[in-house]
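A short worksheet on the structure shown next.
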2 protein chains.
Amino acid sequence: MRPLFHPPIEDVTVEGILHALSDPVRVAIFADLATSSCAYNCSNFLNITEKKIPKSTLSHHFKALREAGLIRAERRGVEMHNTSRCQEIETRFPGLIDAIINAHKVQIESAQRAGKKRAARKGK
Amino acid sequence: MRPLFHPPIEDVTVEGILHALSDPVRVAIFADLATSSCAYNCSNFLNITEKKIPKSTLSHHFKALREAGLIRAERRGVEMHNTSRCQEIETRFPGLIDAIINAHKVQIESAQRAGKKRAARKGK
DNA sequence: AACTCTGGTTCCAATAGTATGAACTATTGA
DNA sequence: TCAATAGTTCATACTATTGGAACCAGAGTT
């Protein structure tokens with residue numbers, strides 16, 4: 001097994017971070033990883049969301065997050081142990097991750113509100 | 001001339017914003033637009049940067065920013081008048097734009113420091 | 001050791017998105 | 001109306017993403 005590549009924090013770019021988090025699946029994975037203290041692996045994420053994302057696609061997504069410098073991945077026996085690199089990124093780009101995670105949360109909440117409104121209109 | 005499409009602010013997504021700003025040219029255009037009070041058009045941007053970006057490419061970039069909800073574009077005679085939609089976005093996603101613009105600035109500064117170091121080493 | 005299960009990765013082909021020169025359109029001014 | 005300027009659209013080459021199939025690696029089991 002070839003060792004996993006993790007870019008040093010000084011090589012992490014804003015563009016790379018934004019690109020990695022511009023995918024709904026990836027930003028959901030990262031938000032989970034960043035806000036909950038526990039680490040996820042691919043299978044956990046599959047179970048948590050109800051979407052059926054193919055495992056090859058999910059593997060690509062985790063790789064994208066890793067290569068953007070957003071997460072750290074290490075093998076723990078048969079599965080992967082993923083943790084966010086929030087601390088390091090906070091040092092390099094203060095406030096960036098918080099703002100993105102918060103915006104993501106805001107968006108989910110506003111979507112839920114819109115969904116309830118639609119349901120209410122339908123119910124009339 | 002078909003009227004330009006601008007998404008209403010409630011349709012603007014984090015993913016859309018991040019994707020639009022995950023391109024170095026687009027984030028540079030937007031940072032310029034957001035920080036300077038004056039509005040740029042394609043040609044201005046071409047003159048400001050020393051890069052030779054084809055105008056068709058630049059047109060696509062401005063379109064991407066517009067459709068992501070980041071800028072507002074209107075025709076002023078023969079040229080376009082582009083302004084950022086920072087205020088609206090700040091209301092919907094507080095702190096997001098500031099954090100990205102700031103991170104972009106940090107990155108440019110750290111790249112300049114790295115450049116100077118390289119030059120100093122070379123000079124020895 | 002071989003077998004097997006589980007969790008992930010890699011390969012490859014289809015699809016989607018991006019870049020750019022060339023042709024085109026819109027507006028202004030002579 | 002003609003020319004100049006600013007931008008858009010078209011066509012095509014190129015690049016990135018997706019996801020099924022095959023593969024690989026570690027931990028138990030026989």
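Residue numbering restarts at 1 for every chain, and letters A, B, ... go by the order of the sequence lines.
Between A:T57 and D:dG19 there is a side-chain N or O to OP1 or OP2 distance below 4.0 Å. Within the structure, every side-chain polar atom (N or O) of A:H19 is placed at least 4.0 Å from both OP1 and OP2 of D:dT15. At the phosphate of C:dG21, neither OP1 nor OP2 sits under 4.0 Å from any side-chain N or O atom of B:S56.
In terms of position on DNA chain D, the residue among A:H61 and B:K63 whose nearest nucleotide sits closer to the 5' end is B:K63.
Looking only at side-chain heavy atoms (C-beta outward), A:H6 and A:R66 come within less than 4.5 Å of each other. With a 4.5 Å cut-off on side-chain heavy atoms, A:I29 and A:L58 count as touching. With a 4.5 Å cut-off on side-chain heavy atoms, B:E109 and B:R113 count as touching.
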Next item on the list: Please step through salt bridge (charged side-chain N to carboxylate O under 4.0 Å, His left out) for the pair A:E88 and A:R72, ending with a clear verdict.
Entry: CA-CA 11 Å; A:E88 291 169 87; A:R72 196 170 286 285; 3.3 Å; yes
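Side-chain atoms of A:S59 and base atoms of C:dG8 include no donor and acceptor less than 3.5 Å apart. Taking 3.5 Å as the limit, the base of C:dT20 and the side chain of B:H60 contain a donor-acceptor pair of atoms between them.
Closest to the side chain of B:K55, out of C:dA19, D:dG7, D:dA21, is D:dG7. Each of D:dG20, D:dA22, D:dG26 was ranked by its minimum atom distance to the side chain of A:R75; first place goes to D:dG26. Each of C:dG8, D:dA6, C:dT20 was ranked by its minimum atom distance to the side chain of A:M80; first place goes to C:dG8. Between C:dT6, C:dT9, C:dA26, one nucleotide has an atom nearer to the side chain of A:V78 than all others, and that is C:dT6.
In DNA chain C, stems built from 3 or more consecutive Watson-Crick or G-U wobble pairs, each with both distances under 3.5 Å, span C:1-30 with D:1-30.
Between B:R66 atom CZ and D:dT8 atom P the separation is 7 Å, expressed in whole Å.
For the atom pair B:L4 CG and B:M80 CE, the distance stands at 4.5 Å (nearest 0.5 Å).
For the pair A:Q107 (side chain) and B:V14 (backbone), a donor-acceptor distance under 3.5 Å is present.
For the pair A:R76 and A:E79, the salt-bridge criterion is not met [side-chain N within less than 4.0 Å of a carboxylate O].
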